[in-house]
Amino acid sequence: MSSPYHPYDPHDRHRPHDPFSPSPRYPAPPAAPPPSPSPSYATYPWQPPVPPEPTAPPRHRTPDHPPLGHHSDLRILRTAYRWQRRVATLTALGYFTLFLILSAGAPGFMTSTVTDGLPVGLLLALLQLPVTWLAIWLYEHTASRYVDPLADRIRKEAAVDAKREAGKREAGR
């Protein structure tokens with residue numbers, strides 16, 4: 001007794017049978033999971049117990065802002081501090097190097113007088129102290145104007161991040 005829609009009927013009138021077809025005409029059974037390589041119990045008494053499966057670490061929500069170590073403000077702060085050091089150093093050392101080069105290379109210029117009895121070399125040597133003070137003032141000025149506000153902002157963001165992390169840890173307990 002064959003019905004026209006029976007899935008195992010070899011003489012199905014609605015789907016002709018192709019003897020060379022690689023796929024069968026009936027649904028395949030669901031695949032069984034592969035066997036475990038080792039049993040869940042100790043097969044020999046001298047074997048250590050099977051360790052438990054490691055649990056996945058809890059997934060945390062990503063912060064709304066990038067972490068502090070990767071923040072662009074740190075790059076800006078490093079650049080500002082680098083320029084601050086270069087300006088102050090080049091001011092003091094540049095003047096001193098110019099004084100040494102003029103002393104060694106242009107002794108005629110250095111011994112010429114500016115006013116009655118004051119040679120140029122002595123005047124430039126006496127100006128070394130005000131130029132050093134100028135370098136110190138430039139260092140302080142650029143620090144208070146550019147570097148310190150950036151450092152303060154980064155410090156405040158770090159404090160906020162630390163409080164936020166501490167709050168998350170307390171809430172997680």
Problem - Under the ring-ring contact (aromatic ring centres under 6.0 Å, His included) test, residues paired with Trp137 that sit two or more places apart - result: His141
What donor-acceptor contacts under 3.5 angstrom involve side-chain atoms of residues 79-100, with partners at least two apart or in another chain?
residue	atom	partner	partner atom	Å
Thr79	OG1	Arg75	O	2.9
Gln84	NE2	Tyr139	O	2.8
Thr89	OG1	Arg85	O	2.7
Thr91	OG1	Val87	O	2.6
Tyr95	OH	Leu124	O	2.8
Thr97	OG1	Leu93	O	2.7

Exercise for the section: Kindly work out whether a path of hydrophobic side-chain contacts (I/L/V/M/F/W/Y, heavy atoms less than 4.5 Å apart) joins Val120 to Ile101. Expected result: no
Completion exercise
Nearest heavy-atom approach of Ala143 to Pro149 is O-CD, 4.0 Å
Handout entry: Gap separating the CG atom of Asp148 from the CD atom of Glu140, nearest 0.5 angstrom
Key = 8.5 Å
Handout entry: In one Ile/Leu/Val/Met/Phe/Trp/Tyr side-chain cluster, 4.5 Å: Leu138, Ile136
Key = no
Practice task
Measure the spacing between CG of Leu122 and OG1 of Thr111 and express it to the nearest 0.5 Å.
Solution key: 12.5 Å
Handout entry: Val147 side chain reached by Thr142 side chain, heavy atoms, under 4.5 Å
Key = no
Handout entry: Side-chain touch Ile154/Leu74, heavy atoms, less than 4.5 angstrom
Key = yes
Practice task
State plainly whether one hydrophobic cluster holds both Val131 and Met110, where clusters connect Ile, Leu, Val, Met, Phe, Trp and Tyr through side-chain heavy atoms under 4.5 angstrom apart.
Solution key: yes
